[in-house]
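Chain naming here is simple, since letters A, B, ... match the order of the sequence lines and numbering starts at 1 in each. All values below come from the heavy atoms of this structure, side chains included, with hydrogens, waters and symmetry mates left out.
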There are 2 protein chains.
Amino acid sequence: MELNKKQLAAQGYRLTKPRQEIFAVLKHKPQSVADIFEQLQQKKLKIDKVTVYRTLENFVKLNLVAETQFKDGISVYELADHEHHHHVLCENCGRIEDICLDENLLMKAVKKSSSFLIKSHRLEFFGLCQKCC
Amino acid sequence: MELNKKQLAAQGYRLTKPRQEIFAVLKHKPQSVADIFEQLQQKKLKIDKVTVYRTLENFVKLNLVAETQFKDGISVYELADHEHHHHVLCENCGRIEDICLDENLLMKAVKKSSSFLIKSHRLEFFGLCQKCC
DNA sequence: ATATTATTGCAAATCAGTTGCAATAAGTCA
DNA sequence: TGACTTATTGCAACTGATTTGCAATAATAT
Ligand SMILES: [Mn+2]
Ligand SMILES: [Mn+2]
Ligand SMILES: [Zn+2]
Ligand SMILES: [Zn+2]
């Protein structure tokens, strides 16, 4: 997936250097703001942390990026290039693995047991990756 | 459930006014630190916000209170008087409802599809309560 | 090339939560 | 009860993450 000028323009956004660079960094793996900022610095790019915040906010609005909150309320951002899924986080090294589940049964059970109109959910797992086991 | 002197003493904790008051406030419903602090103020109790933080931390250590992180990374605390369960949060009014689920199937599916050793998980639902529908 | 305005970077502000420390008060024991 | 020990509290200062205001910059349209 590429950051595309037309797609941005359609919503009144411009294709800029910082946006391209942040998008490129996200291609590697899901990362926090701090992670992304560090990567940019390593690349010797003088992009302000504020710009990272603002860019991610915009990417999320544009559905280009998905935000996941892990423990401690720190968000991790990843390119929204595949379907709804969840994550396992290694509590030792921070590695993240995607988890795809069939959620029909779960959602059916919830709708039955709750009086609320369910709109969305969040599900994360924590544990140890193979390396850290 | 009552905050009990012996139980606290057994772990070297003392039964104090702030602890009793915070416990009492939690009896009403699950709440954030800000919520709890506001309740205390409405009761004209001069209890510092720092004390609320420290007290909740202790209650969690003592397994008297359970902490849940909703969106935005803000924790909500509730008396730990029932089993492991999850929550639905009303996106309009903030009301919280408990959800008890049989998670065997879910956990089995996850263990099968992940290479990680799963230790714990977090699951929350968002939607609208009956009043807000 | 010029004009328009979205975007950026910097500094300052805000916000949640933490820490250090001296004053206070709960529990203990004579 | 009153003195003693030490856990607890409140206050102020601090931290780290995120937000905001604003003037300078740069992307797009004409
Ligand atoms: Mn993912
Ligand atoms: Mn609950
Ligand atoms: Zn690991
Ligand atoms: Zn509601």
Any side-chain donor-acceptor pair under 3.5 Å between Glu97(B) and Ser114(A)?
-> yes
Would you tell me whether His86(B) and Glu103(B) have side-chain atoms, one donor and one acceptor, within less than 3.5 Å of each other?
-> yes
Distance from Ile22(B) atom CD1 to Leu40(B) atom CG, nearest 0.5 Å?
-> 5.5 Å
Strictly by modelled atom types, are Ser32(B) and Asp35(B) linked by a side-chain donor-acceptor pair under 3.5 Å?
-> yes
Measure from CD1 on Ile74(A) to P on dA17(D) and round the result to the nearest Å.
-> 7 Å
Closest-nucleotide ordering on DNA chain C, the 5'-leading residue of Lys5(B) and Glu57(B) = Glu57(B)
Please answer whether the main-chain N or O of Thr55(A) pairs with a side-chain N or O of Arg19(A) as donor and acceptor at a distance below 3.5 Å.
-> no
Taking for each residue the nucleotide of DNA chain C bearing the nearest heavy atom, is the 5' side occupied by Tyr53(B) or by Ala9(B)?
-> Tyr53(B)
When rounded to the nearest 0.5 angstrom, what distance separates CZ in Phe116(B) from CD1 in Ile99(A)?
-> 8.5 Å
Got a sec? Which of residues 32-39 of chain A come in under 4.0 Å of DNA chain C, heavy atoms?
-> none
Report yes or no: do His84(B) and His82(B) form a side-chain donor-acceptor pair below 3.5 Å?
-> no
Reading nucleotides 5-10 of chain C 5' to 3', which nucleotides get B (base under 4.0 Å from a protein heavy atom), which S (sugar-phosphate only), which -?
-> BBSBBB
Nearest 0.5 Å, what's the CD1-NE2 distance between Ile96(B) and His87(B)?
-> 6.5 Å
Please indicate whether Lys43(A) has more than 12 foreign heavy atoms, meaning atoms of other residues, nucleotides or ligands, lying under 6.0 Å from its NZ.
-> yes
Starting at atom CG of Leu56(A), determine the distance to atom C1' of dT19(D), rounded to an integer number of angstrom.
-> 14 Å
Rounded to 10°, the angle between the first-five-pair and last-five-pair axes of the helix from dA1(C)-dT30(D) to dA30(C)-dT1(D) is 30°
Can you tell me if Gln31(B) uses its side chain to pair, donor with acceptor, with the backbone of Lys29(B) under 3.5 Å?
-> yes
